Amino acid sequence: MGPRGVVVIGAGQGGLDTAAALRGRGYRGRLTLVGDEPVLPYQRPPLSKGFLTGDTAAGDLELRPRAFFAAQDVEVVSGTRAAKIDRERRTVLLETGTTLPYDSLVLATGARPRTLPVPGAVSLSGVLTLRGLADAEDLRKRLTGPPRRLVVIGAGFIGLELAATARKLGHEVTVVEAQSRALARALTPTMSSRLVARHAEAGVRILLSREVTALWGSAAGRVEVVELDGAERIPADLVVVGIGVLPNTELAALAELQIGDGIVVDTHLRTDDPDIYALGDCARFPSPHAGRHVRLESVQNASDQAKVVAAGICGDRVPYTAVPWFWSEQYDMRLQIAGLTAGHDETVLAGDPEGGRFSVFCFRDGRLTGVESVNRPADHGIARRLLASGTELTADDVRRPGFDLKTLARRPQERLTHA
């Protein structure tokens, strides 16, 4: 069967970074990267922004040039999926029929968009999701040309970024969200309100606390109407569904690994099989910042977890403790989030929301848990360092007149609170 080595299932950010980190640590064994798309690993964040406007070309999305894989002796198997894991024999069977032996297996299988469970969502043309490059290429073609009526279902990061991009291209945009506010699970009410206000300024119509009940189409089977609760009907030339994702756990479940809203792993990102790791969007891990198991969908999380997995495979077991951070770009707003703000019980606003530069500091039981910043990159960078070091910062500190996070950061040895 040939030499064993490391097999990485999933050629996204986490999978690629695992391979790169292994070679960076001096791992010289066989290394295989399996991806289900027929392209080299690429960046996903630009797909809802610069790629749709044409500012970013497909070639600019590549995370590494083809020469990298040859130079690092990484075998890339593209355009196929893993069908089965044989844990006893330590092999992976691909859908092509190829069997890959492994000493260590890394599952970086990512996630897939949730489907909208209403009539017409699957049967009508012109109803899309945005996850991969093929999705983005299709959507870019449809958004090129005269103004169209676009309805985005879901006011999450992807939905709002897409709305901003489509509005920039001159399209009429309506966003429908079932929750009472945008990004309810990710942002504070203060930040949600500011984002919605900015979209309204740009001419985007956002409907909150509204349910989609059906999609209706023409005789030719093309979507024409989005029907909401209360029988309201919104004309639509194009519908994009962005109501979250589901982790791709089927392969792990078939191998009888522990599953629970993701592939469950320990602090070292190992599954209940010590030879199998999981990371990125598909993995549910114990977070010291949340105090519980969480599953995070971000480039940072996948990339940082890749380093921990590579270390473990190379015999240097370290826990995953990186501070989570996220970002989103909408219009002239660069939103950055440090930490996990869910579950906070107190917030303090600093800066100038009307001027478009401010931060929201979130606390739980008196401790800083996260900071949301708009166009204040220094606040974001310093907040990440404070959260990583455990430096004390209270809500009263932020409220104090003349509060300046930069000044406090220059005095790292001083206690931030005052008697």
Side-chain angles (χ1 to χ4, degrees), residues 6-22 31-52 54 56-70 72 74-85 92-100 102 105-115 127-143 157-158 161-162 240-242 244-252 254 262-263 278-283 297-299 301-303 305-306 309:
V6 176
V7 175
V8 182
I9 305 298
Q13 186 81 50
L16 170 66
D17 284 354
T18 300
L22 282 167
L31 182 50
T32 307
L33 184 63
V34 180
D36 60 359
E37 296 180 78
V39 293
L40 292 177
Y42 61 88
Q43 306 174 62
R44 291 187 188 274
L47 296 183
S48 58
K49 299 181 282 291
F51 183 76
L52 293 182
T56 303
D60 297 331
L61 296 175
E62 288 184 357
L63 288 166
R64 300 276 185 157
R66 187 172 298 276
F68 165 84
F69 300 97
Q72 296 296 316
V74 177
E75 180 185 359
V76 179
V77 181
S78 299
T80 188
R81 302 175 189 270
K84 183 180 179 181
I85 300 168
V92 177
L93 174 66
L94 304 184
E95 289 180 343
T96 57
T98 300
T99 298
L100 300 174
Y102 66 83
L105 176 65
V106 181
L107 301 179
T109 50
R112 64 188 182 280
R114 291 178 181 271
T115 56
V127 181
L128 312 176
T129 56
L130 178 56
R131 181 68 180 176
L133 180 57
D135 298 331
E137 288 176 333
D138 184 13
L139 185 56
R140 183 167 69 172
K141 291 176 184 176
R142 295 171 186 264
L143 292 178
F157 282 118
I158 290 294
E161 288 175 357
L162 173 58
V240 179
V241 179
V245 298
L246 294 171
N248 292 323
T249 59
E250 292 77 10
L251 182 65
L254 190 62
I263 304 168
L279 60 83
D281 292 4
C282 70
E297 300 155 13
S298 77
V299 169
N301 181 63
S303 187
Q305 287 188 338
V309 167

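Just so it is clear, the values below take in all heavy atoms, side chains as well, and ignore hydrogens, waters and symmetry mates. Residue numbers count from 1 along this sequence. Because the structure is a prediction, the values reported are computed rather than measured.
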Is any side-chain heavy atom of [X] less than 4.5 Å from a side-chain heavy atom of [Y]?
X	Y	answer
Glu297	Phe157	no
Phe68	Leu40	no
Pro41	Leu33	yes
Leu105	Ile9	yes
Leu128	Asp135	no
Val241	Pro113	no

Worksheet entry | Flag, side chain of Thr109 to backbone of Asn248, donor-acceptor distance under 3.5 Å | yes

Please find the pair of heavy atoms, one from [X] and one from [Y], that lie closest to each other, and give the distance.
X	Y	result
Val8	Gly15	CG1-CA, 3.6 Å
Gly14	Leu279	CA-CD1, 3.6 Å
Ile85	Tyr102	CG2-OH, 3.8 Å
Ser78	Pro38	CB-CA, 4.3 Å
Leu63	Gln13	CD2-OE1, 3.5 Å
Thr80	Leu94	CG2-CD1, 4.1 Å

Reported [atom1]-to-[atom2] distance for the pair [X] and [Y], which is rounded to 0.5 angstrom:
X	Y	atom1	atom2	result
Leu251	Lys84	CG	NZ	11.0 Å
Cys282	Ile263	SG	CD1	4.0 Å
Lys49	Glu161	NZ	CD	3.5 Å
Leu52	Glu137	CG	CD	10.5 Å

Practice prompt. Kindly confirm or rule out a cation-pi arrangement of Arg64 over Phe69, judged by NZ or CZ under 6.0 Å from the six-membered ring centre and within 45° of its axis?
Written response: no

Worksheet entry | Arg112 and Glu250 ion-paired at < 4.0 Å |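 A salt bridge links Arg112 with Glu250.
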
Item to complete: Answer yes or no: is there an ion pair linking Asp281 with Arg131, defined by an N-O contact shorter than 4.0 Å?
Response: yes

Worksheet item: Residues in salt bridge (charged side-chain N to carboxylate O under 4.0 Å, His left out) with Asp17, at least two apart?
Response: none

Worksheet item: Quick one: side-chain hydrogen bond (donor to acceptor under 3.5 Å, both in side chains) partners of Thr96, sequence neighbours excluded?
Response: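 Counting only residues at least two positions away or on another chain, Thr96 forms a side-chain hydrogen bond (donor to acceptor under 3.5 Å, both in side chains) with Thr98.
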
Item to complete: Go through Leu139 and Leu47 one step at a time and tell me if the side chain to side chain contact (heavy atoms under 4.5 Å, CB included) criterion holds.
Response: CA-CA 10 Å; Leu139 185 56; Leu47 296 183; over 6 Å; no

Discussion item. With side chain to side chain contact (heavy atoms under 4.5 Å, CB included) as the criterion, how do Val34 and Leu100 come out once you've worked through the C-alpha distance, each side chain's angles and the decisive distance to 0.1 Å?
Written reply: CA-CA 10 Å; Val34 180; Leu100 300 174; 3.8 Å; yes

